[in-house]
There are 2 protein chains.
Amino acid sequence: MTKKKLGTWRIDRQLVEQISRHAAFGRRRKFKKNSVLYEQGEVSTRFYFVLKGLVQISIFRADGSEVVLELMGPETVCGEGSAFDGLPRFSSAAAIEDTEAIEFDTSKMTEIFRAHPEFATSLLRVTSLKQRVVAIRLKHLASREPQDRIMELLTRLEEMFAIDHPKGRLLVTHVTHEQIATMTGTSRVTVTRTLQRLREQNRIDIVDGHILLKRRPNAN
Amino acid sequence: MTKKKLGTWRIDRQLVEQISRHAAFGRRRKFKKNSVLYEQGEVSTRFYFVLKGLVQISIFRADGSEVVLELMGPETVCGEGSAFDGLPRFSSAAAIEDTEAIEFDTSKMTEIFRAHPEFATSLLRVTSLKQRVVAIRLKHLASREPQDRIMELLTRLEEMFAIDHPKGRLLVTHVTHEQIATMTGTSRVTVTRTLQRLREQNRIDIVDGHILLKRRPNAN
DNA sequence: GCCTTCTCGTATAGGGCGATACAGCCCGGC
DNA sequence: GCCGGGCTGTATCGCCCTATACGAGAAGGC
């Protein structure tokens, strides 16, 4: 049905160039590791085009628990949602590595669009791509099956942190079952059991403590 | 007042006017009940501004099951995601009532933006709002509790389609238990039971077939 | 008005998940 | 080596959800 191309936070070369070409409308900023780009609840017209580093986007729930939406790497855009609709930020963004980004401000955007309508089109492509990614995650989280939820997380991590391996793709980051549990809204025991099951189904393997996602003939 | 079907989505008056003002760039189309506006997987540059009727947006999962994303009533925009990012539609849209809509085509949009930059800004507001709603849904779907999932839907409907009532807020939209089930990833039976339970907990009530969300001292 | 279809309530059986507990293992500190 | 803590693999039990089925009642077509 779908190609692997539906890559999430990675946006295509052409779009990256389009945005980079209008970098002069923003200003370059640096964020130290663990510093905050923006916080849930604040009202702001700023958004960011990440050049280097890694930014974690998360939503905090009423009970204080955190739902990590994305980890945005280089050449991605974040914060544009609340910057354009004018409502309070629905998510927080924190640099989890030293990060450089271009900060844009939407308040003067309409006038910029008049002279540079292609910039508007590029931004619409970006917001549309993000809508797509979130909707696809929602499709998986709509399931109550732990296996769906966990596989969704693993494939997302794969695109971000995996390297090629003879048998498939190897996650270079180490995540504990406990962490997977909190990220997928299941229990630690269920994560252990589910990973076992996935291993029996020959969909994953554990290599030296790291998760290996096996190559599958029929990718979803 | 009889049972009224609206939808699960609404955008503010000002934004509606902004888009209506540019209706001439699209063309008016009619869709019979049960006809399809677009289908998951197809590539298209068209998107729709619904004027009358009701359109169901859903994602079909690999196993064939359906996740209903939204019911789009009058004065809403749909299909703009895939129309702008150029990738295959990630969702399907079907008219579940006779529907009229303005069909826009993104292929000539950049030129339109040059003369009408405010139209670009309006569309960015729309895509941003949708990103917000989906992200917030995701926050709640991260929970496996049916009650969390269902209350999330109800409060979302409340914000868009509720009217004041002596005891709280009354949803003027009528949604069936079946619809709630597909929108929350639970079974129809569980929806019925959960609504019962919420009624016992005095959090909701049913008035003339409509759901009433009772005023609560400590709102979440 | 009659019949069909949809919707809601309810019952049953089966299964899988959460909570909890405990044992084995690895690893680091000393 | 010795010890302690964190992680993983299991086991048990209770609960709640899913699947399925059936009947009552409302809504809609003809």
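Residue numbers begin at 1 in each chain, while the letters A, B, ... track the order of the sequences. What you see is a predicted model, and the numbers here were worked out from it, not measured in a lab. The figures that follow rest on heavy atoms only: side chains count, while hydrogens, waters and symmetry mates do not.
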Checklist outcome for this item: The residue, A:Arg193 or A:Val175, whose nearest nucleotide of DNA chain D is more 5′ is A:Val175
Item to check | Atom-to-atom span, CG of A:Asp208 to P of D:dT8 - whole angstrom | outcome: 14 Å
Checklist outcome for this item: note: A:His210, atom NE2; D:dC7, atom P; distance rounded to Å ~ 15 Å
Next on the checklist: When you compare the side chain of A:Phe49 with that of A:Val16, does any pair of heavy atoms fall below 4.5 Å?
Outcome noted: yes
Checklist entry - Between C:dG18, D:dG9, D:dA19, which nucleotide has the shortest distance from any of its atoms to the side chain of B:Val189? => result D:dA19
Item to check | Options D:dG9, D:dC7, C:dC17, nucleotide nearest the side-chain atoms of A:Pro146 | outcome: C:dC17
Item to check | Whole angstrom value for the distance that separates C1' of C:dC6 from NZ of B:Lys33 | outcome: 11 Å
Item to check | Closest listed nucleotide, where the reference is the side chain of B:Thr176 and the choices are D:dC17, C:dG18, C:dT7 | outcome: C:dT7
Checklist entry - Which of the following nucleotides, D:dC17, C:dC17, C:dG9, is nearest to the side chain of B:Gln196? => result C:dG9
Checklist entry - Is any side-chain N or O of A:Arg197 under 3.5 Å from a base N or O of C:dG16, one able to act as donor and the other as acceptor? => result no
Next on the checklist: Output the rounded distance in Å from CD (A:Glu145) to P (D:dA19).
Outcome noted: 8 Å
Checklist entry - With a 4.5 Å limit on heavy-atom distance, are the side chains of B:Arg156 and B:His140 in contact? => result no
Item to check | A:Arg188, nearest nucleotide to its side chain (from C:dA19, C:dT10, D:dG9) | outcome: D:dG9
Item to check | Nearest listed nucleotide, side chain of A:Thr192, among D:dT8, C:dG9, D:dA19 | outcome: D:dT8
Next on the checklist: Nearest whole Å is fine: how far is C:dT10 C1' from B:Arg199 CZ?
Outcome noted: 14 Å
Next on the checklist: Heavy atoms only, 4.0 Å cut-off, all strands: where does A:Arg149 land among base, sugar-phosphate and nothing?
Outcome noted: nothing
Item to check | All side-chain hydrogen bond (donor to acceptor under 3.5 Å, both in side chains) counterparts of B:Ser20, not counting sequence neighbours | outcome: none
Checklist entry - Contact class for B:Arg144 (heavy atom, under 4.0 Å): base, sugar-phosphate, or nothing? => result sugar-phosphate
Checklist entry - Would you call A:Lys130 and A:Glu80 a salt bridge, taking side-chain N to carboxylate O under 4.0 Å as the test? => result yes
Checklist entry - Under 4.0 Å between a Lys/Arg side-chain N and an Asp/Glu carboxylate O for B:Glu39 and B:Arg89? => result no
Checklist entry - D:dG28 P sits how many Å from B:His174 NE2, rounded? => result 10 Å
Checklist entry - What integer distance in Å separates A:Glu178:CD from C:dT20:P? => result 13 Å
Checklist outcome for this item: Rounded to whole Å, CD of A:Glu200 lies from P of D:dG9 at a distance of 12 Å
